[in-house]
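Only one structure is covered here, and it is reproduced in the block below.
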Amino acid sequence: MTTNKKVLDFIEQSKTLCQPDEIVWIDGSEEQLDALRAQAVKEKVLIKLNQEKLPGCYLHRTTVNDVARVEGRTFICSKNKDDSAPINNWMETSKAFELLNGLFKGVMKGRTMYVIPYSMGAVGSKFSKIGIELTDSIYVVLNMAIMTRVGKKVMDALGDGDFVKGLHSYAELSEEKRYICHFPEENTIMSINSNYGGNVLLGKKCFALRIASYLGKTEGWMAEHMLILGIENPKGEIKYVAAAFPSACGKTNLAMLIPPEIYKKKGYKVWCVGDDIAWIRVGEDGRLWAVNPENGFFGVAPGTNMKSNPNALLSTMKNTIFTNVVENLDDETVWWEGLDKNPPKNALDWKGNPWNGDMKDADGKPIKGAHPNSRFTAPAINCPCLSDKFEAPDGVPLSAIIFGGRRAKTAPLVYQSKGWDNGVFVGSIMASETTAAATGAVGVVRRDPMAMRPFVGYNMGDYFRHWIEMGKKIKNKPEIFNVNWFRTDDEGNFIWPGFGDNLRVLEWIINRCEGKVDAVETPIGYVPHAEDINIEGLNGVTKETIEDLLSIDVENWKKETEGIESFYKELGERVPEELYAELDALKKNLNK
Ligand code: OXD
Ligand code: MN
């Protein structure tokens, strides 16, 4: 399929190392993918679902020890420790290659090695990047064919150019020998002993965030853990925002938001460009432009339903691969906790054991059927609110960047930073508090700068420096905001309704970007006048509720500055002085 010598060498070297019986190029044709699906069903890698109700849909079960990203087994390898540490796990490049080459030796004997040429971003766009993933997993091939653009057209676009090398083998799925290793300095990813999405679909977190963040630093652009959405007003004008939230803060829900009734009636619409990753560049017009490099959604199934996120649910109705959800044996469909109130009576749980919705554990609690991190891999094209700019080679211009986290008391519903450097500071102090649902103590703050803690492919201080430097290149900067949908009352109940009503906050954000509304200056930034958040048609939320949501507890924030300072210290010497200056300014403001 190619005469690109670098590609041929990479395949030849990997063949010598892994010793597969056979090599198969993925050309991206429907015939080939169909044949692979049939083979996967025969080999019991996939289960074919009800083709009338869920055309083109399949179910996969992972092994029990392989159900999530493994941050403890994920490494950023570089020659110098400081170029990766202290937040990342570090391995020295040559040591890591030695270890992995040992593990990959002969690992594909008796198996086929698939060659997947894939493009992150529209094929042929000058902003897109190409990767080649070599894998022995049909599951990976079929998921990559949903999540990215694959096949011959990608090789044609590559010509004799450069690409990111990715080598994956599920090997023996051993937990002890599981490694997800990134070599940003060598444009290489090696992943072994897992077959779970985030660890093995190398285009996603591994390339589009970890390797790409490093490429962005060297080439002057940004790879961010952000959704991108467009808000269309009744005049038909569309403004785009990108937003970063830590995992499990509702990114996919916000990306596919359904406007509240009163907004719908007026003609507001929301368009989804992406739900997880944004590649951002400075355009010729001096604005920031963002593309979603992916081609599908790898979403969490539990909690997805016709109320929480109808667009996501509708996206999964065809050509989707479900992983670790419940299999309904009566009609060969799928189910998960939070889909509806009618769990199947005759089903298999995510492990493949007999299950029904009435089963209880020794404490009388319902036994879950789907894994809490069970997933759907759905083509973006299925999404009813997909933006018509989804394939636009230059992406969409950003009016605002939004950061957010899960904070019970500290952060107000929304505030605006005082310019770019202050906005970078706001992103750098992002945090979420652990909830009762997670293991460990409740209310423990985990700092997750720009939601990139697990995804920056280099030193975090250098990453902050890159943000500061980017600011100097952007003539028409977007405004930077922070939101918090998760403020609670004294009984621990969420005060803000969230979901579609978050559009009310986005509306204020857009109005601020356009200079249409003023705001109140506080020690942390600008917050809305309560009356500028539209509460029309919102039951139980009054102007007083909004005032409460926007209030800033100075004592709490003083404590917060101590937490920020110790986090910066933990990150080491490369944290830019500009950010320490922002911290000092905040402290002064709080003491005024
Ligand atoms: C994801 C994550 O799966 O951020 O997108 O964990
Ligand atoms: Mn994510």
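In listed order, ligands and their atoms are each counted from 1. Computed from heavy atoms alone, side chains included, the values below leave out hydrogens, waters and symmetry copies.
- Judged by a 6.0 Å distance limit and a 45° cone about the ring axis, R210 is not positioned over the six-membered ring of F455.
- Checked by atom type and distance alone, the side chain of D275 never pairs as donor or acceptor with a backbone atom of M256 at under 3.5 Å.
- At the top of the distance list for atom 5 (O) of ligand 1, counting protein heavy atoms only, stands K205 NZ, 3.0 Å.
- Counting heavy atoms under 4.0 Å from ligand 1, residue H225 touches it through the side chain alone.
- Between the side chains of N324 and W336, no donor-acceptor pair is found at a separation under 3.5 Å.
- Side-chain N/O atoms of Y170 and D66 include no donor and acceptor closer than 3.5 Å.
- Near D276, with a cut-off below 4.0 Å to any heavy atom, the atoms of ligand 1 are 5 (O).
- Minimum heavy-atom separation, A290 to I280: CB-CG1, 4.0 Å.
- Of all protein atoms, those that are N, O or S and lie under 2.8 Å from the Mn ion (ligand 2) total 3.
- In summary, the aromatic rings of W355 and W350 are positioned with their centroids too far apart to meet the 6.0 Å limit.
- Here the closest non-hydrogen pair linking S432 and P246 is OG-CG, 3.6 Å.
- Judged by the 6.0 Å distance and 45° axis criteria, K217 is positioned over the aromatic ring of Y458.
- When hydrogens are left out, the protein atom nearest atom 6 (O) of ligand 1 is R69 NH2, 2.7 Å; that is the closest non-hydrogen contact.
- Counting heavy atoms closer than 4.0 Å to ligand 1, residue R375 contributes side-chain atoms (C-beta onward) but none from N, CA, C or O.
- Looking at G197, S247, C249 and measuring to atom 4 (O) of ligand 1, the nearest heavy atom belongs to S247.
- Of the candidates F499, F486, W485, F494 forms a ring pair (Phe, Tyr, Trp, His ring centres under 6.0 Å) with just one, namely F486.
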